[in-house]
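These numbers were taken from a predicted model, which means no experiment stands behind them. No hydrogens, no waters, no symmetry mates; every other heavy atom, side chains included, goes into these values. Residue numbers count from 1 along this sequence.
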Amino acid sequence: MPELPEVESLTGFLRERAVGRAIAGIDVVAIQALKTFDPPVTSLGGLTVTGVSRHGKFLDLDCDGLHLVIHLARAGWLRWRDDLSGAKPVRPGKGPLAVRVRLAPDDEGLAPGFELTEAGTQKRLAVYVTKNPDEVPGIAALGPDPLAESFTVEALKRIVGGKRTQIKGLLRDQKVIAGIGNAYSDEVLHAAKMSPFKIAATLTDAQVADLHEAIVTTLRDAVERAHGLAAKDLKAEKKSGLRVHNRAGQPCDVCGDTIREVSFADSSLQYCPTCQTGGKPLADRRLSRLLK
């Protein structure tokens, strides 16, 4: 799933390539991806992209005051095309293509644009056309952005205070903190040397400070690594920068212990026992506790 660093990089990527260009048209191939009907998606035709921003994991293209908002979900991606003038029409239900956004031709006659694709059978990619991004349900409910200046140690202390939930789940909750998903929550907790099953309310002030440092540093480092990369290169960069996520069975780069995994119904987490749980493996079952 694209998370804050990848979406931030996609935002910059589109800002450089799409801002100032008019939208020639939008082809919705997967009708279930379009979550709004008023204004109609056709109303974007002829409007100019005046800005691109990010809200958590949401991309937001401002088109003369009308917003095209995109959430790539778990298996979605954005593929930039330098020229879509020769792109063939695609029938619904054929292949991973969900939406195609065509921009007006440039001086050389090339018609660039981008395609939103989604792999797998769980089609959750979402596209909204709205006059106000805050009207998108997922955006309206977002918690603070962890890269904002207002996200201080004290702000995090207020967030975790009294929460009787595991810290892994808390970090992934978009209503609590915006932009962190399964991968970067694993990375943050490894950097903070904290068990994913630690109860948020039990964190000491020192642990809150360490967690805050891990969140900000991990995300900023990932954003910096992704800065300036083409959209097609972001997945490989993300994978190469991960220290524990999706690395079960491999040695920890910090201590050399074997990275372990806990599997759930539709996801999994990875962690280092030596760095995070005092050398004790976590039971591989939902709501597990440290093995005694």
Which one of Asp60, Asp62, Asp145 satisfies the salt bridge (charged side-chain N to carboxylate O under 4.0 Å, His left out) criterion with Arg54?
-> Asp145

Can you find a pair of side-chain heavy atoms, one from Pro146 and one from Tyr184, that are under 4.5 Å apart?
-> no

Nearest heavy-atom pair of Val208 and Val160: which atoms, and what distance?
-> CG2-CG2, 4.0 Å

Donor-acceptor pair, side chain of Arg81 and main chain of Asp83, under 3.5 angstrom = no

Yes or no on side-chain contact (heavy atoms from CB on, under 4.5 Å) for Val52 and Val19, after CA distance, side-chain angles and deciding distance?
-> CA-CA 7 Å; Val52 184; Val19 169; 4.0 Å; yes

Could I get the full list of salt bridge (charged side-chain N to carboxylate O under 4.0 Å, His left out) partners for Glu187, not counting sequence neighbours?
-> none

Heavy-atom check, side chain of Arg21 versus side chain of Asp106, under 4.5 Å | yes

For residues Val262 and Ser268, determine if any side-chain heavy atom of one lies less than 4.5 Å from a side-chain heavy atom of the other.
-> no

Are more than 12 heavy atoms from other residues, nucleotides or ligands located less than 6.0 Å from atom CD of Gln250?
-> yes

Ala98 and Leu125 have their tightest heavy-atom pair at CB-CD2, 4.3 Å

Crowding at NZ, Lys235 (>12 non-hydrogen neighbours, <6.0 Å) = yes

Spell out, as yes or no, whether a donor-acceptor pair under 3.5 Å connects the side chain of Thr217 to the backbone of Glu213.
-> yes

Charged N-O contact under 4.0 Å between Glu115 and Arg79 = no

At their closest point, which heavy atom of Gly56 faces which heavy atom of Ala178, and how far apart are they?
-> CA-CB, 3.9 Å

Are Val216 and Val176 in one and the same hydrophobic cluster, where Ile, Leu, Val, Met, Phe, Trp and Tyr link if side-chain heavy atoms are under 4.5 Å apart?
-> yes

Does the side chain of His67 reach to within under 4.5 Å of the side chain of Val129, using non-hydrogen atoms?
-> no

Does a side-chain heavy-atom distance below 4.5 Å link Ile167 with Ile199?
-> no

Salt bridge (charged side-chain N to carboxylate O under 4.0 Å, His left out) partners of residues 252-262, not counting sequence neighbours, each pair once = Arg247-Asp253

Contacts of Thr258 meeting side chain to side chain contact (heavy atoms under 4.5 Å, CB included) (sequence neighbours excluded), chain-then-number -> none

Treating Ile, Leu, Val, Met, Phe, Trp and Tyr as nodes and any side-chain heavy-atom pair under 4.5 angstrom as an edge, say whether Val223 and Leu72 lie in one connected cluster.
-> no

Nearest 0.5 Å, what's the CG-OG1 distance between Asp210 and Thr204?
-> 7.5 Å

Is it true that a side-chain atom of Gln270 and a backbone atom of Asn246 form a donor plus acceptor pair closer than 3.5 Å?
-> yes

All heavy atoms of His55 vs all of Pro133, minimum pair found to be NE2-CB, 4.0 Å

Heavy-atom nearest pair, Cys272 first then Cys255, reads SG-SG, 3.4 Å

Do any pairs count as a side-chain hydrogen bond (donor to acceptor under 3.5 Å, both in side chains) and have a residue in residues 221-234, sequence neighbours left out, and if so which ones?
-> Arg225-Glu237

Out of curiosity, Leu44 CG to Ile26 CD1, how far, rounded to the nearest 0.5 Å?
-> 4.5 Å

Reported CG-to-CD1 distance for the pair Leu61 and Ile70, which is rounded to 0.5 angstrom | 5.5 Å

Kindly compute the distance separating NZ (Lys238) from CG (Leu242), expressed to the nearest 0.5 Å.
-> 6.5 Å

Are Leu142 and Leu10 connected, step by step, through hydrophobic side chains (Ile, Leu, Val, Met, Phe, Trp, Tyr) whose heavy atoms are closer than 4.5 Å?
-> no

Assess whether side-chain contact (heavy atoms from CB on, under 4.5 Å) is satisfied between Thr130 and Leu68, documenting all intermediate values.
-> CA-CA 7 Å; Thr130 178; Leu68 174 63; over 6 Å; no

Within 45 degrees of the axis of the six-membered ring of Phe13 and under 6.0 Å from its centre: does Arg17 put its NZ or CZ there?
-> yes

Residues passing the side chain to side chain donor-acceptor pair (under 3.5 Å) test with Trp80, sequence neighbours excluded, are Asp82

Sidechain-backbone polar pair: Glu3 side chain, Ile180 backbone, donor-acceptor under 3.5 Å = no

Does the salt bridge (Lys or Arg N to Asp or Glu O under 4.0 Å) test come out yes or no for Glu118 and Arg124, once each step is laid out?
-> CA-CA 8 Å; Glu118 186 173 22; Arg124 298 177 180 175; over 6 Å; no

Can a salt bridge be assigned to the pair Lys157 and Asp205 using a cut-off of 4.0 Å between side-chain N and carboxylate O?
-> yes

Answer yes or no: is there a side-chain heavy-atom contact under 4.5 Å between Leu110 and Pro105?
-> no

What about the rings of His212 and Phe151, do their centers lie closer together than 6.0 Å?
-> yes

Ile215 with Leu203, same ILVMFWY side-chain cluster at under 4.5 Å = yes

Would you say the side-chain atoms of Thr218 pair up with the backbone N or O of Ala214, donor to acceptor, closer than 3.5 Å?
-> yes

Would you say Lys168's side chain and Asn182's backbone share a donor-acceptor pair under 3.5 angstrom?
-> yes

Atom pair CG/OG1 of Leu170 and Thr165 - distance to nearest 0.5 Å = 4.5 Å

Does Leu189 reach the side chain of Phe197, with side-chain heavy atoms less than 4.5 Å apart?
-> no

Non-hydrogen side-chain atoms of Cys252 and Thr274 separated by less than 4.5 Å = no

Only residue of Gln276, Arg172, His245 satisfying side chain to side chain donor-acceptor pair (under 3.5 Å) with Asp186 is His245

Main-chain N/O of Pro96 paired to Thr117 side chain as donor or acceptor, under 3.5 Å | no

Only one of Val29, Val127, Leu97 clears side-chain contact (heavy atoms from CB on, under 4.5 Å) with Leu116; which?
-> Val127

Of all heavy-atom pairs linking Ile31 and Val28, the shortest is CA-CG1, 4.0 Å

Walk me through it: do Val254 and His190 pass the test side-chain contact (heavy atoms from CB on, under 4.5 Å)?
-> CA-CA 10 Å; Val254 175; His190 180 255; 3.7 Å; yes

Before giving the answer on side-chain contact (heavy atoms from CB on, under 4.5 Å), spell out for Val136 and Phe58 the whole-Å C-alpha distance, their side-chain angles and the decisive distance to 0.1 Å.
-> CA-CA 10 Å; Val136 174; Phe58 290 82; 4.0 Å; yes

Those residues at least two apart in sequence (or on a different chain) that pass salt bridge (charged side-chain N to carboxylate O under 4.0 Å, His left out) with Asp38 are none

What distance do Met194 atom CE and Cys275 atom SG have between them, rounded to the nearest 0.5 Å?
-> 13.0 Å

Test: Lys57 and Glu6 ion pair at under 4.0 Å = no

